[in-house]
2 protein chains.
Amino acid sequence: MNMGKKEKPAKITRLAETQFRTGMKEHGLRCTSERIAVLQEIYRSDTHLDADELFVKLKNRGVGISRATVYHTLDLLLKFHLVSRTDLGHKHTHYEKAYGVENHLHMVCNDCGKVLEISDRSLSDILENLCSKNGFEPESFTLQLFGKCSGHSSGEPSKYKN
Amino acid sequence: MNMGKKEKPAKITRLAETQFRTGMKEHGLRCTSERIAVLQEIYRSDTHLDADELFVKLKNRGVGISRATVYHTLDLLLKFHLVSRTDLGHKHTHYEKAYGVENHLHMVCNDCGKVLEISDRSLSDILENLCSKNGFEPESFTLQLFGKCSGHSSGEPSKYKN
DNA sequence: CTGACTGCAAAATGTTTGCAGATTC
DNA sequence: GAATCTGCAAACATTTTGCAGTCAG
């Protein structure tokens, strides 16, 4: 697991693509244009996307692709650790780029739904530590904090969106 | 958010129940036998349960309840922070007791699916720190590490279960 | 050329909802 | 007694699957 590497954002996509091509070849899988398109679309974005958002974005961009292929590709990308999955408490799963990206956690506001992304070196250190202490070899991680963001941290109870 | 309180396990269920009754009353909601049954079933268990497992367990115990009510009750319990939700990368959401329970993270093995639960004080400290630094008022959190447990941390690639 | 991949549409899940009748307060 | 809750079944949304045709290697 990349516990907080830093790289030039521009290069990341290319590196991820290379990594993808290599991994695919090693496993006897094929690099179709659809798969590359999904990879690029995810790395073009700086937030979580769900499968359908991806599908729509690609369509709008003129890439003919089916939902089935989007889902299948996301699976593949997950396996190669090029994207990560996150459950932000909404009804669909979110995906985001994972390669060359500093690990981060999500602070999800139960009132307005806003999502803050925070990176922290010490968090990464602790996690790595905990893993080696437990003989666990981490490949990815996902961390969500649910609560109230600065605009909503009054004494009032949440709107129960959770 | 309870960042690591410790309490006699036996008492926790009772305390959670009291908390639930109080919260419900405050919000003009009712304490039906079904809701209490769900609460107790969750607190009786020491692991994550999904909605259907809960439904089945209750059925087996002779509690007549419908899936709809299980789901609705889980929602309620979530809102009162008496259970927490976790996405362990399986297809269904898991729930576990949250009241009087030390915060913990999940290490999910991509090969065998086993889930290790780890508590760590320093993790809680860091998270609290990060929250206050960002003006975020945490109510709950969920942290999953995906990778390989001690039995599967060879050089071989994961079986791609993710 | 061959096996892997795509798209489609249909199926499978997991979860939510509307409504009539039961229940709690 | 009134409003809330339950259960049922139908509706939903998301994700998965089977299959025939397509395409990368």
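Throughout, a chain's letter reflects where its sequence line sits, starting with A, and its residues are numbered from 1. Keep in mind that the numbers below use all heavy atoms, side chains included, and drop hydrogens, waters and symmetry copies.
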Rounded to whole Å, CG of B:L49 lies from C1' of C:dT15 at a distance of 17 Å
Measure the distance from NZ on A:K59 to C1' on C:dT6 and round it to the nearest whole Å.
11 Å
Within this structure, what is the CG-to-C1' distance between A:D52 and D:dT16, rounded to whole angstrom?
15 Å
Atom pair distance, as rounded to whole Å: NE2 in B:H27 and C1' in D:dA3:
18 Å
Atom NZ of B:K25 to atom P of D:dT4: distance rounded to whole Å?
17 Å
Give, ordered by number, those residues of residues 38-48 of chain B having at least one heavy-atom distance below 4.0 Å to an atom of DNA chain D; if nothing qualifies, reply none.
none
So how far is it from B:L54 CG to B:H94 NE2, rounded to the nearest 0.5 Å?
10.0 Å
Find the distance B:R35:CZ to C:dA22:C1' and express it as a whole number of Å.
14 Å
Is there a donor-acceptor pair closer than 3.5 Å between any side-chain N or O of A:S45 and the backbone N or O of A:I42?
no
Given DNA chain D, 5'-ward residue of the pair B:L76 and A:Y95, judged by closest heavy atom
B:L76
Will you find, in the side chains of B:H106 and B:E96, an N or O donor that is under 3.5 Å from an N or O acceptor?
yes
Has B:T69 got a side-chain N or O lying under 4.0 Å from the OP1 or OP2 atom of D:dC5?
no
Only residue of B:R61, B:K59, B:R35 satisfying salt bridge (Lys or Arg N to Asp or Glu O under 4.0 Å) with B:E41 is B:R61
Which atom pairs link the protein and nucleotides 17-25 of chain D when you take only N or O atoms and keep those under 3.5 Å?
| residue | atom | partner | partner atom | Å |
| --- | --- | --- | --- | --- |
| D:dA24 | N3 | A:R30 | NH1 | 3.3 |

Measure from the side-chain N and O atoms of A:S119 to the backbone N and O of A:N103, and report whether any donor-acceptor pair falls under 3.5 Å.
yes
In Å, rounded to the nearest 0.5 Å, how long is the span from CG of B:N60 to CZ of B:F55?
9.5 Å
B:Q19: which residues meet the side-chain hydrogen bond (donor to acceptor under 3.5 Å, both in side chains) condition with it, sequence neighbours left out?
none
Can you check the B:H92 NE2 to C:dA12 P distance for me, whole Å?
17 Å
Any ion pair linking A:E53 and A:K57 (charged N to carboxylate O, less than 4.0 Å)?
no
Heavy-atom nearest nucleotide on DNA chain C for B:E34 versus B:R67: which residue maps closer to 5'?
B:R67
Within less than 4.0 Å of OP1 or OP2 of C:dT15, is there a side-chain N or O belonging to B:Y71?
yes
Whole angstroms only, please: what is the CG-C1' distance between A:L74 and D:dT16?
13 Å
Do side-chain atoms of B:Y99 reach the backbone of B:F80 as a donor and acceptor pair under 3.5 angstrom?
no
